[in-house]
Structures are given as C-alpha cells and as structure tokens.
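In what follows, a single structure is set out as structure tokens and then discussed.
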Amino acid sequence: MSYISLTPLDLVLAGIVLLLNGAISVAFRLGLERSIAISTLRMVVQLALIGLVLKFIFEATSPLWTAAFALVMFVAGGYEVWSRQDTPIAGWRAFALGASVPFIAGLAITIFAMTVIIEPNPWYAPRFFLPILGMMIGNALAGVALVLNTITNGVKQDRISIEGQLALGATRFQALHEVLRHAMKTGLMPILTAMAASGLVTLPGMMTGQILAGIDPMDAAKYQIMIMFLVAGATALSVFAGGIGAVYLLTDDRHRLRLERLQGIDR
Amino acid sequence: MLRIDYLRTAPLPPVSFQVKDGTCLAIEGPSGSGKTRLLRAIADLDPAKGDVFLDGAGRNETPAPEWRRLVRYVTAEPGWWTTTPRQALLTQSPQLGDGDDERLIRTLNTVGLSEKILDEPLTTLSTGQRQRLALLRALADDPRVLLLDEPTAALDPTAAALVEELIRFHMLAGRIVLLISHDAKLRARLATDTLDVSALRNPAHHTIPPIQTPSSQVSP
C-alpha cells in the first residue's frame with residue numbers, strides 16, 4: 001500500500017460532483033446558489049491556506065511557530081464556544097472561560113500524549129502536536145459549549161427554585177447543584193455516544209485518513225483508540241472546569257444569582 | 001433588633017429604619033414601587049449599597065448563606081425542588097422528622113393543612129396549600145427575621161386567619177417581621193409601624209433623620 005497524491009485535475013473532477021448541489025438548488029428553487037458558492041470558495045481557500053501554513057510549520061519544527069498556531073486555536077475556540085450560546089454570559093470573563101478551558105485541558109492532555117505515549121523527536125514535533133491538540137480542543141470545546149448553554153438555560157428556567165433555595169440559606173453550589181449536574185451530563189453525552197458508535201456507524205475521520213495514507217488498518221485502529229481515550233479525558237476535564245466556572249460567573253461571592261449577566265436578560 | 005442603614009434599592013432613595021424584636025413593620029406602596037426589591041435587598045438576594053445589621057452584626061460581615069438562615073425572605077411565588085411536602089419540610093429542618101410524624105403533623109395543622117398531604121406530590125396541591133407549605137418551610141429552621149411578601153395572597157379567609165395567628169406567634173417568640181400585604185386590615189392588625197415607600201420618593205422626605213431608639217421608629 002502506498003500514498004497516492006492528488007493532481008489539480010483530480011480536484012476539478014471531484015468538483016463536478018459539487019455541481020449536483022447547485023442543480024438541486026436551481027431545480028427546487030431553494031435559493032441556495034449564493035450560499036453554495038460562498039461555502040465552496042471558503043472551504044477551498046481555507047483548506048489550501050491551512051495546508052500551506054502547516055507545511056511551513058512542519059518544516060520549520062520551531063517551538064515558536066507551533067505555539068503561534070496554538071494561539072490561533074485558542075482564540076478561534078473561544079469564539080466558537082461563545083457563538084454556540086443561546087444567551088451568552090456577558091463580559092470578557094465568559095469569553096476567557098470558553099477559550100481557556102478547552103485549550104488548557106487539550107494542551108495538558110496533548111503534552112501528556114506527546115511525552116509519555118507517542119514520544120516523537122522533538123516532543124513538540126508540530127506534525128504530531130498540532131493535529132492532536134486540534135482534535136482535543138475541538139472535542140473539548142464542543143463539550144464546554146454544551147455545558148455553558150445547558151447551565152444558562154437551566155438557571156433561566158429554574159430561577160424561582162434556585163432563588164428559593166438561596167433564600168432558605170443554600171450556598172450557590174447547593175442551589176445550582178441540579179442544574180450543574182444536568183449540564184455536566186449533557187456535556188459528556190456526545191463523546192460517550194461517539195465512542196459507542198465509532199467503527200459501527202462512523203469510521204472516525206483520523207482513522208479514515210490514515211488508511212487512505214496507506215497505514216495498516218490495525219495500526220490506524222490503535223491510533224484511533226488512543227485518540228478516543230485522550231479526547232474523552234480532555235472533554236471530561238473541560239466539562240468539569242467549564243461547569244464550575246459557569247456557576248462562578250452566574251453567581252457572586254454573596255451567593256446571589258446574577259441573571260442580568262446573561263446577554264439580553266434584564267431584571 | 002434589625003437596623004437598615006442607608007440601603008439603596010432602585011427606584012427608592014436610600015432608606016434607614018429599625019425594627020425591634022417581636023414587632024412587625026408593614027411596608028406599603030403601590031405595585032412596582034420597590035417593596036419587594038427592598039425585602040430582597042435586606043435578605044441580600046440582590047446587590048444593594050448601604051448596610052443591614054441584625055443584633056449589631058453586619059450583613060457583609062456574615063457569610064451570605066448564614067445571613068439568609070437568619071434573615072428569611074418568603075416570596076409570594078415559592079419555588080419547589082422536592083417532590084412531597086414531607087421532603088420540603090425535612091430538607092429545611094431534619095429535626096422535624098425526629099421520632100414519628102407527630103411534629104410534622106402538628107406543623108401542618110397550624111395553618112390548616114391536613115396530614116394527608118404529607119406524601120402527596122406537590123404538583124397536586126392547590127396554590128393556597130403550596131403557599132402555606134412554603135411559609136412553614138421558611139419558618140422550619142427558626143430564622144430571626146421574617147420578610148413576608150404577600151403571605152396571604154392566595155388564601156381564603158380561614159386559612160389567612162391561621163397564617164396571621166402563626167405570624168403573631170412568631171412575633172411573640174421575639175422574631176422580627178417585615179410585611180408586604182395588599183390586605184390593609186391584616187397590616188393594621190399585625191403592624192407596629194408602617195413604612196410608606198411612595199412617600200420616600202417625595203423629595204421633601206429625602207433627608208433622613210438620625211435613627212431613634214425607643215421603639216421601632218420609621219424614618220423618615
């Protein structure tokens with residue numbers, strides 16, 4: 001087995017299939033032609049650029065460039081978490097929570113994988129470091145986004161019961177216990193579902209990629225199992241820290257519920 | 001003694017007053033005039049500048065959960081997080097369950113609730129039953145100050161009379177009561193003093209005289 005490189009002509013041929021999308025939109029008057037064109041263009045430009053950037057970073061094998069790329073992931077991750085909220089918590093602290101929790105959890109797990117499990121040389125070799133960090137952050141931020149959204153919706157819905165408990169002398173964590181528990185559970189469901197379904201319903205993207213690149217399927221499976229373990233760990237850390245952080249952001253040190261910190265909510 | 005010191009809650013000007021042990025202060029004013037917000041601020045459920053002292057201990061020097069164990073706000077729209085009245089009362093005061101159900105039953109009976117509802121789902125109770133149960137729950141661990149927001153709003157005259165008796169009993173036991181009620185007769189019977197918040201908004205009353213000590217004087 002070997003790796004087969006694609007020529008530009010191959011891509012043009014694959015692009016013909018995309019015309020199906022346009023054809024359906026025109027035939028059924030979905031009015032999506034513009035969106036299809038923009039999405040296609042963005043996809044091609046973004047992936048081509050990222051290919052160029054990664055090629056440069058991999059060849060440079062410099063800790064500085066690796067860190068710079070990780071920083072981009074940090075900010076993009078924060079935006080992604082924030083954009084997935086029905087009513088985001090206002091202020092920079094909420095953005096910082098959404099950005100830093102998946103990043104720190106992902107970074108910790110990635111460093112663990114690089115130094116103890118994969119051990120490339122050097123340990124921060126960007127070819128290993130950045131894809132793994134990306135997978136960790138991507139999954140962890142999905143978990144954090146879910147936790148934050150579930151908590152903010154939960155406190156809005158259960159405001160009367162939460163304030164009732166606070167009025168009877170409960171601490172903020174006692175009063176928000178049920179909401180927090182539900183949110184953490186919700187945040188962990190996707191990764192558990194993904195683990196249970198992987199291989200049967202979906203072949204994970206990384207494993208598919210490795211098989212296409214000519215790796216022995218058993219080796220690809222082993223890599224995928226490791227990644228799943230790491231992703232589960234990063235997600236669990238993030239869901240926990242994100243949930244606790246959200247409770248602090250939605251209450252204050254006098255154990256008051258501060259719903260006015262949610263955007264668009266007024267007391 | 002509960003002392004309110006330049007407490008600021010929108011839309012009211014800063015207010016100062018004090019209420020002596022075993023007395024009741026009625027808080028009057030039209031809807032939306034800030035009566036509920038004043039009580040919530042005293043219980044420290046909303047941020048508010050100024051200070052509140054209970055027997056000389058400041059609100060900000062007491063951990064918030066401990067403050068609200070002593071200074072208890074009882075809302076007109078109670079929230080529920082247990083399934084049955086028994087759980088609701090025992091969560092707040094486990095001692096009520098010592099021995100058999102006698103103490104629980106006696107507690108329910110004081111406001112005209114039957115012991116039959118002890119293990120009924122809360123959702124099957126009427127609004128009036130739930131309101132009385134919420135009051136019992138709030139009184140179960142013996143707070144020092146009762147901030148009662150429309151305690152008889154959903155009650156028929158008989159139940160309201162029993163609730164009034166219960167409040168009177170707690171005043172006799174030395175507790176401090178602040179009362180919001182649309183029922184002027186109830187206010188007149190229970191209250192030792194009255195604070196009219198609509199009068200506070202009149203600029204002529206903005207200057208607050210020094211706090212007087214002899215009785216639960218209301219200033220201004």
Side-chain angles (χ1 to χ4, degrees), chain A residues 87 89-94 147 150-186 243-267, chain B residues 9-11 34 36-37 39-49 52 58-83 88-93 122 130-131 133-149:
Chain A
T87 41
I89 306 171
W92 63 269
R93 289 194 304 172
V147 164
T150 315
I151 288 192
T152 50
N153 284 333
V155 294
K156 273 188 292 178
Q157 195 187 327
D158 293 349
R159 180 185 67 83
I160 291 177
S161 126
I162 291 168
E163 293 217 308
Q165 291 175 71
L166 292 173
L168 291 177
T171 65
R172 50 178 148 181
F173 278 101
Q174 285 167 341
L176 284 161
H177 178 259
E178 270 310 303
V179 170
L180 180 60
R181 210 178 62 93
H182 175 62
M184 286 187 176
K185 211 170 150 182
T186 307
I244 302 284
V247 170
Y248 276 109
L249 288 178
L250 289 167
T251 56
D252 62 22
D253 55 356
R254 294 297 294 170
H255 300 263
R256 292 183 281 233
L257 186 62
R258 303 295 294 271
L259 275 191
E260 78 278 10
R261 290 179 183 166
L262 291 177
Q263 282 177 16
I265 300 265
D266 215 3
R267 261 256 167 85
Chain B
T9 53
T36 293
R37 264 169 288 182
L39 290 198
R40 285 178 57 93
I42 294 172
D44 209 7
L45 284 165
D46 290 330
K49 291 209 175 89
V52 184
R59 173 183 61 159
N60 297 327
E61 294 144 25
T62 316
E66 176 61 24
W67 179 259
R68 292 184 205 119
R69 266 193 287 276
L70 298 168
V71 181
R72 179 65 43 85
Y73 173 66
V74 190
T75 167
E77 42 166 31
W80 302 98
W81 46 94
T82 59
T83 323
L89 293 173
L90 291 186
T91 316
Q92 197 59 25
S93 172
L122 283 160
R130 279 203 296 268
Q131 185 171 24
L133 189 66
L135 180 64
L136 293 179
R137 178 179 62 184
L139 296 172
D141 57 345
D142 289 328
R144 288 267 292 115
V145 180
L146 307 175
L147 310 170
L148 305 177
D149 199 339

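In what follows, chains carry the letters A, B, and so on, assigned in the order in which the sequence lines appear, proteins first and then strands, with residues in each chain numbered from 1.
Side-chain contact between B:Pro63 and A:His255 is absent, with no heavy-atom pair separated by less than 4.5 Å. A heavy-atom distance below 4.5 Å is found between the side chains of B:Arg68 and A:Arg256.
The choice from B:Pro65, B:Ala140, B:Gly79 that makes the most heavy-atom pairs within less than 4.5 Å of chain A is B:Pro65. Across B:Arg59, B:Arg69, B:Glu77, B:Gln92, the residue that shares the most heavy-atom pairs under 4.5 angstrom with chain A is B:Gln92. Ranked by heavy-atom pairs shorter than 4.5 Å toward chain A, the options B:Trp81, B:Trp80, B:Tyr73 are led by B:Trp81. Put simply, of A:Gly164, A:Ala167, A:Ala170, the one with the most heavy-atom pairs under 4.5 Å next to chain B is A:Ala167.
Using a 4.5 Å heavy-atom cut-off against chain B, no residue of residues 175-185 of chain A qualifies as contacting.
Residues passing the side-chain hydrogen bond (donor to acceptor under 3.5 Å, both in side chains) test with B:Arg130: none are found, sequence neighbours excluded. With sequence neighbours left out, B:Asn60 forms a side-chain contact (heavy atoms from CB on, under 4.5 Å) with A:Arg254, B:Asp51. In this structure B:Leu90 satisfies the side-chain contact (heavy atoms from CB on, under 4.5 Å) test together with B:Arg86, B:Leu96, B:Leu104, sequence neighbours excluded.
No part of B:Thr82 comes within reach of chain A, as not one of its non-hydrogen atoms sits under 4.5 angstrom from that chain. Neither the backbone nor the side chain of B:Ala43 comes within contact range of chain A, judged by heavy atoms closer than 4.5 Å.
Closest heavy-atom contact between A:Leu168 and B:Asp141: O-OD2, 4.4 Å.
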